[in-house]
Amino acid sequence: MNLEVLREATRQQMPEKRWKHTLGVVGSAIKLAKRYGGDPVKAELAALLHDYSKAWAIDRMEIIIREQNLPQDLLIYDKELWHSHVGAWAVQSEHGITDEEVLDAIRYHTSGRENMTKLDKIVCLADYIEPGRDFPGVSKIRELAKHSMEEALITAFGSTIEVLIERGKRIFPLTVLTRNDLIMQLK
Ligand code: DGI
Ligand code: FE
Ligand code: FE
């Protein structure tokens, strides 16, 4: 596995704006790994690959979810949730990434999951706070991220859930379980 080759391959999957976001997530993930005693090498790799299939056609992702037996309940929730599972499958099959910790961090970067690993938290939080992100509440999450990844993620998932509710959308149940679990971790 050659990081330069992976970088070029990843860049080719997406438009320039998404690539800039990816580089932002890489930078933020390395910083979080250093701050919280995570593995900066795995953080960089998972962050680089986290949105690998984000710009892929919906039909292509749907076929992969069906044929590769990815979680079928994804199909009845927002299509925004698909790219994380499809991306983990893609980097394994196209680039031979086998590190399950890295694959899980990619797979769960959108929804989160219960008992998130440190690497899961790093990638998920970096995705919310990278310097190019601009949404209501992002500065609060950046502040919280300086002392607690759990508190920052609770606020981040909370704001995602609020937006989904405002728009009358359904919430992927795992996102609710993730938030509940993170609140338990604080106690
Ligand atoms: O891929 P990115 O845009 O960098 O970020 P992401 O992978 O966290 O995707 C977030 C999008 O997913 C955001 O627009 C909200 C949408 N989404 C839709 N339903 C859900 C959801 N996100 C979560 N966490 N849970 C949902 O149920
Ligand atoms: Fe994503
Ligand atoms: Fe992202």
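Indexing begins at 1, ligand by ligand and atom by atom, following the structure's order.
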Side-chain donor/acceptor of [X] to backbone N/O of [Y], under 3.5 Å:
X	Y	value
Q13	A9	yes
N2	V5	yes
R142	I129	yes
T155	I141	no
R35	A145	yes
K121	E150	no

Please write down residue, atom name and distance for the protein heavy atom closest to [atom].
atom	value
atom 9 (O) of ligand 1	T110 CG2, 3.5 Å
atom 4 (O) of ligand 1	R133 NH2, 2.8 Å
atom 8 (O) of ligand 1	D127 OD2, 3.5 Å
atom 15 (C) of ligand 1	T160 CG2, 4.0 Å
atom 16 (C) of ligand 1	E80 CB, 3.6 Å
atom 23 (C) of ligand 1	T175 OG1, 3.5 Å
atom 26 (C) of ligand 1	L164 CD1, 3.5 Å
atom 27 (O) of ligand 1	F172 N, 2.7 Å

Could you see which bit of [X] sits under 4.0 Å from ligand 1, with heavy atoms only: side chain, backbone, both or neither?
X	answer
I161	neither
V25	neither
E130	neither

Heavy-atom distance from atom 18 (C) of ligand 1 to the protein below 4.0 Å?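 At least one protein heavy atom is under 4.0 Å away.
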
What is the name of the N/O/S atom in H109 that sits closest to the Fe ion (ligand 2)? NE2

Short check: any N/O/S atom of H83 below 2.8 Å from the Fe ion (ligand 2)? yes

Looking just at side-chain N and O atoms, do [X] and [Y] make a donor-acceptor pair shorter than 3.5 Å?
X	Y	answer
H83	H50	no
S28	Y128	no
H95	Y52	yes
H109	D51	yes

Vertex the Fe ion (ligand 3): angle to NE2 of H50 and NE2 of H21, to 10°? 100°

Out of H109, H50, K54, who is nearest to atom 1 (O) of ligand 1 when you count heavy atoms only?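 It is K54 that holds the nearest heavy atom.
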
Taking the Fe ion (ligand 3) as the reference point, name the nearest N/O/S atom of D51.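 Relative to the Fe ion (ligand 3), the closest nitrogen, oxygen or sulfur of D51 carries the name OD2.
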
What N/O/S atom of D127 is the closest to the Fe ion (ligand 3)? OD1

Below 4.0 angstrom from a heavy atom of [X], which ligand 1 atoms are there? Numbered from 1 as shown, please.
X	value
R18	1 (O), 2 (P), 3 (O), 4 (O)
I171	27 (O)
H21	4 (O)
D78	18 (C), 19 (N)

Nearest 0.5 Å, please: how far is OG in S111 from CG in L74? 8.0 Å

Got a second to check how far D104's CG is from M116's CE, nearest 0.5 Å? 10.5 Å

Report the C-alpha distance between D181 and R113 in whole Å, list the side-chain angles of each, state the deciding distance to 0.1 Å, and finish with yes or no for salt bridge (Lys or Arg N to Asp or Glu O under 4.0 Å). CA-CA 8 Å; D181 182 65; R113 59 170 168 167; over 6 Å; no

4.0 Å heavy-atom contact, H83 with ligand 1: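 A heavy atom of H83 does come that close to ligand 1.
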
Go through the steps for D127 and R133 under the test side chain to side chain contact (heavy atoms under 4.5 Å, CB included), then give the verdict. CA-CA 8 Å; D127 196 16; R133 282 290 200 213; 3.1 Å; yes

